[in-house]
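Protein chains get the first letters and strands the later ones, always in sequence-line order, with residue 1 at the start of each.
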Number of protein chains: 2
Amino acid sequence: MPQPGTRVGMARERVLQVAERLFMERGYTGVSMREIADALGIKQPALYYHAPEGKHQLYLAVLERALERHRAELHTRIAASDADLRAQLRVVVRWLLHSVPFNMARMAQIDIPALPAATAATASMLVWEALYLPIAQLFANAQARHEIRALDPTMLAGAAVALIDSLRAYDVPEEYTGPPELIGDQLIDMLLDGVLI
Amino acid sequence: MPQPGTRVGMARERVLQVAERLFMERGYTGVSMREIADALGIKQPALYYHAPEGKHQLYLAVLERALERHRAELHTRIAASDADLRAQLRVVVRWLLHSVPFNMARMAQIDIPALPAATAATASMLVWEALYLPIAQLFANAQARHEIRALDPTMLAGAAVALIDSLRAYDVPEEYTGPPELIGDQLIDMLLDGVLI
DNA sequence: GTCTATATGGTGATAGAC
DNA sequence: GTCTATCACCATATAGAC
């Protein structure tokens with residue numbers, strides 16, 4: 001596979017970068033091949049040189065790249081954090097809120113179902129491994145340390161991601177007060193301590 | 001406005017019922033006017049007799065009906081439940097899981113943005129009033145009873161809806177274990193008691 | 001209330017020249 | 001690597017007959 005900077009793969013690299021920005025902002029179905037081409041300053045059919053199998057191939061290539069970067073960065077940040085669950089979750093939430101790109105609800109409900117079956121299965125697995133598994137692992141470890149109660153780590157990861165996702169997903173009329181980081185911390189406290197007095 | 005059973009409004013009523021089923025299952029953008037017409041056994045242009053302003057008008061009419069029924073039923077069930085927050089949340093979650101229809105993440109991110117601005121604003125407000133407000137009110141009341149800590153009821157309602165929504169929205173490879181009602185109860189306990197030991 | 005016929009525009013995709 | 005030209009298909013929507 002040609003690398004960036006080798007002149008051979010430069011065009012490909014640029015295509016992936018621009019496509020990533022658009023796909024992550026508006027989703028697979030929300031972006032047309034023409035829009036991507038326009039943003040690149042080329043004509044729409046020229047994209048088929050880089051993704052001969054079509055739009056779904058381009059999307060999967062973009063997703064793979066983005067998820068791999070995400071997974072690596074998340075791993076680094078968790079490794080550098082304190083060993084208790086609250087500190088780890090704060091690191092995760094802050095990274096997810098700043099790096100932005102993944103809109104899980106849209107991906108799971110709109111993008112992935114719109115892909116051809118084989119591509120959808122691959123995409124699903126990639127998301128699971130890069131996004132859910134690392135978080136589920138945090139909960140599992142905390143359980144092994146007897147830090148938290150015996151709840152399914154998978155369910156806990158799903159709940160955590162849903163909460164984070166909801167910070168971006170919904171906008172209620174009278175907006176949440178304060179910056180997202182603050183709400184993120186409040187959600188973590190809520191998850192760990194509960195809301196009862 | 002013609003009522004069902006008066007023969008005058010029967011066709012309209014049937015249109016709204018069929019359109020509701022499809023819109024709630026697959027969303028505004030996920031259903032075409034042709035599909036709705038096919039399901040009704042009529043031709044696509046005939047729908048424009050019932051919704052002269054087009055698809056968005058049909059969607060809004062459907063949404064209004066569905067939300068009003070939802071709001072009324074939720075109100076009744078909450079009124080009939082015990083007065084403590086856990087019991088009330090259980091009632092809410094069970095109703096949301098069984099009545100199904102609203103996929104909040106999809107509505108907020110896909111359907112509403114796809115509507116004309118004026119229709120979108122109306123839809124947004126209707127959802128807020130019928131879905132979020134009643135739940136936020138439960139939290140506010142619990143706070144007044146000093147049952148829970150002083151967290152923004154709006155944020156709590158958003159979190160609760162996000163958690164419930166996520167039960168339908170995502171399917172992780174190794175599925176959550178057990179029936180949705182059980183997971184629903186677990187999520188409520190998690191929200192109220194926290195996960196720390 | 002519903003029909004046929006049609007306008008208009010967007011979409012992903014292919015063929016073949018340069 | 002990118003172009004032009006073009007295809008087939010789907011969408012919402014309108015006009016006017018019955």
Exercise. How would nucleotides 13-18 of chain C be written as a contact map, 5' to 3', with B for base contact, S for sugar-phosphate-only contact and - for no contact, using protein heavy atoms under 4.0 Å?
Worked result: BB----

For this session: In whole angstrom, give the distance that lies between atom NZ of B/K43 and atom P of D/dT12.
Result: 16 Å

For this session: Take the protein atom CG of A/D38 and the nucleotide atom C1' of D/dT2, then report the distance between them rounded to whole Å.
Result: 14 Å

For this session: Starting from P on C/dG12, measure out to CG on A/L58 and report it in whole angstrom.
Result: 11 Å

For this session: Could you tell me the separation between the CG atom of B/L47 and the P atom of C/dT2, rounded to a whole number of Å?
Result: 9 Å

For this session: Could you grab the distance from atom CG of A/L191 to atom CE of B/M190, nearest 0.5 Å is fine?
Result: 5.0 Å

For this session: Report the distance from atom CZ of A/R12 to atom P of D/dG1, rounded to the nearest whole Å.
Result: 10 Å

Exercise. Using the ring of each side chain (for Trp, its six-membered ring), is B/W95 parallel, tilted or perpendicular to B/H70, with breaks at 30° and 60°?
Worked result: parallel

Exercise. Does atom CZ of A/R34 have more than 12 heavy-atom neighbours from other groups under 6.0 Å away?
Worked result: no

For this session: Please determine if B/R71 and B/E129 form a salt bridge, counting it only when a charged side-chain N lies under 4.0 Å from a carboxylate O.
Result: no

Exercise. How long is the line joining CE of A/M10 and C1' of D/dT2, in whole Å?
Worked result: 15 Å

Seminar exercise, completed: When every non-hydrogen atom of A/V91 is compared with those of A/S81, the smallest separation belongs to CG2-CB, 3.6 Å

Exercise. Base, sugar-phosphate, or nothing: which does A/V31 touch, judged by heavy atoms less than 4.0 Å apart?
Worked result: sugar-phosphate

Exercise. Side chains of A/D82 and A/Q88: do they bring a donor and an acceptor to under 3.5 Å?
Worked result: no

Problem set entry | B/I36 CD1 - D/dA11 P separation (whole Å) | 11 Å

Exercise. Between atom CG in A/L40 and atom P in D/dT2, what is the gap in whole Å?
Worked result: 8 Å

